[in-house]
Number of protein chains: 2
Amino acid sequence: MPNQLNKIFKSIADPTRRDIFHLLIVASTALSITQIANHFDISRQGITKHLKVLHQAGLLEMTTKGRERYCMANAGPLREIHDWVAFYEQFWDDKLNRLNQYLKQKGKQNPGG
Amino acid sequence: MPNQLNKIFKSIADPTRRDIFHLLIVASTALSITQIANHFDISRQGITKHLKVLHQAGLLEMTTKGRERYCMANAGPLREIHDWVAFYEQFWDDKLNRLNQYLKQKGKQNPGG
DNA sequence: CAAATATGCAACTGAATGGTTGCTTTATTT
DNA sequence: AAATAAAGCAACCATTCAGTTGCATATTTG
């Protein structure tokens, strides 16, 4: 399933999920759901929902160990976001002559939506 | 207002808005609201709502000319997305030893959420 | 001026979202 | 075996969201 772009966008559009993701990225070890929840003011079940969204976007991997589930961030899918944004970098500075630039660079992949 | 990050994320999290943005980026001229709406299956008022969201995220500029309002994309704010993603690029390939990499690179800016 | 066009404004609708609580199940610990 | 801890499941709630329709306003155009 390569067309995950929208799920990834939706995932990281929520500030709590960005915080969870960041926490997992910089953590030294995988964290259990309860451990993650302890870092936030919302309930464990609320966290679980966010984890599910992150997981379905591929930004999170989980392994079960006994009664615990350990979560680890996977930054890989952010590459899709990077690529989407990269297309528009050519338009950052020059607000004029957009078409000219576009035509000049035609042939480059258009990431679309 | 530099803390537009969330608005920008929310804006581009919607596929229709990404399409509108893309249309405006590659258009040769600024487009009126009706012209934009003609490219989509949803109503003009629906488009207007999307334009408002994009505008509030700084991704769109509008100028009124007579009874028409012309819209032009501004890719600049995408730089914030780029910067947010850039922090995580160091974690793309190596899913292990995350902490080591993090500590090694400490001092780099953490974009947070 | 009248007709047509471009837009704005407001109310409404259905679905998704972020969050909660209560209870059950499963695993560990004592 | 009993108590505790981790997590899942399901229902519920309020808000936001994407989209609609209807109507008013402003600007062109004939």
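If you're wondering where the values come from, they're calculated on a predicted model, not measured in any experiment. Below, chain A is the first sequence line, B the second, and so on; all start at residue 1.
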Do the non-hydrogen side-chain atoms of B/Pro77 and B/Asn74 ever get within less than 4.5 Å of each other?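 Of all side-chain heavy-atom pairs linking B/Asn74 with B/Pro77, at least one is under 4.5 Å.
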Is there a side-chain contact between B/Phe9 and B/Glu80 (heavy atoms, below 4.5 Å)?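 The answer is no; the side chains never approach within 4.5 Å.
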Transitively linked via ILVMFWY side-chain contacts under 4.5 Å: A/Val26 with A/Ile12?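 Yes; tracing contacts between hydrophobic side chains, which count when under 4.5 Å, links both residues.
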Are A/Val53 and B/Trp84 grouped together when hydrophobic residues (ILVMFWY) are joined by side-chain heavy atoms under 4.5 angstrom apart?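 Different clusters: A/Val53 never reaches B/Trp84 through Ile, Leu, Val, Met, Phe, Trp or Tyr contacts under 4.5 Å.
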According to side chain to side chain donor-acceptor pair (under 3.5 Å), does anything in residues 33-42 of chain B pair up with another residue at least two apart or in another chain? List the pairs.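 Of all non-adjacent pairs touching residues 33-42 of chain B, those that pass side chain to side chain donor-acceptor pair (under 3.5 Å) are B/Ser32-B/Gln35.
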Could I get the full list of salt bridge (Lys or Arg N to Asp or Glu O under 4.0 Å) partners for B/Arg79, not counting sequence neighbours?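 For B/Arg79, the residues satisfying salt bridge (Lys or Arg N to Asp or Glu O under 4.0 Å) (neighbours in sequence not counted) are A/Asp93.
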Taking N or O atoms only and anything under 3.5 Å, show me the protein contacts with nucleotides 10-16 of chain D, one pair per line.
none

Residue list, side chain to side chain contact (heavy atoms under 4.5 Å, CB included) with A/Ser43, at least two apart or on another chain: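 By the side chain to side chain contact (heavy atoms under 4.5 Å, CB included) rule, A/Ser43 matches A/Gln45.
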Could you pull out all residues at least two apart from B/Lys7 that satisfy side chain to side chain contact (heavy atoms under 4.5 Å, CB included)?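 By the side chain to side chain contact (heavy atoms under 4.5 Å, CB included) rule, B/Lys7 matches B/Gln4, B/Ala57.
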Separation of atom [atom1] in [X] from atom [atom2] in [N], rounded to whole Å:
{"X": "A/Lys52", "N": "C/dA16", "atom1": "NZ", "atom2": "P", "result": "13 Å"}
{"X": "B/Asn6", "N": "D/dC17", "atom1": "CG", "atom2": "C1'", "result": "15 Å"}
{"X": "B/Arg69", "N": "C/dC9", "atom1": "CZ", "atom2": "P", "result": "9 Å"}
{"X": "A/Tyr70", "N": "D/dA5", "atom1": "OH", "atom2": "C1'", "result": "12 Å"}
{"X": "A/Lys10", "N": "C/dG18", "atom1": "NZ", "atom2": "C1'", "result": "14 Å"}

Test: ring pair (Phe, Tyr, Trp, His ring centres under 6.0 Å). Region: residues 40-83 of chain B. Which pairs qualify, not counting sequence neighbours?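 Those involving residues 40-83 of chain B are A/Trp92-B/His82.
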Spacing of CG belonging to B/Leu24 relative to SG belonging to B/Cys71, to within rounding of 0.5 Å: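 It is 6.0 Å, given to the nearest 0.5 Å.
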Is there a residue in residues 31-44 of chain A whose heavy atoms reach under 4.0 Å of DNA chain D, and which residues are they?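 Residues of residues 31-44 of chain A that come under 4.0 Å of DNA chain D are, in numerical order, A/Ser32, A/Ile33, A/Thr34, A/Arg44.
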Examine C/dT17: is either OP1 or OP2 under 4.0 Å from a nitrogen or oxygen in the side chain of A/His50? Give yes or no.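 Indeed not, no polar side-chain atom of A/His50 lies that close.
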My understanding is that only one of A/Tyr88, A/Phe91, A/Phe87 makes a ring pair (Phe, Tyr, Trp, His ring centres under 6.0 Å) with B/Phe21; could you say which?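 Single pass found, and it is A/Tyr88.
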Can you build the contact string for nucleotides 24-30 of chain C? Use B for base contact, S for sugar-phosphate-only contact, and - for no protein heavy atom under 4.0 Å. ---BS--
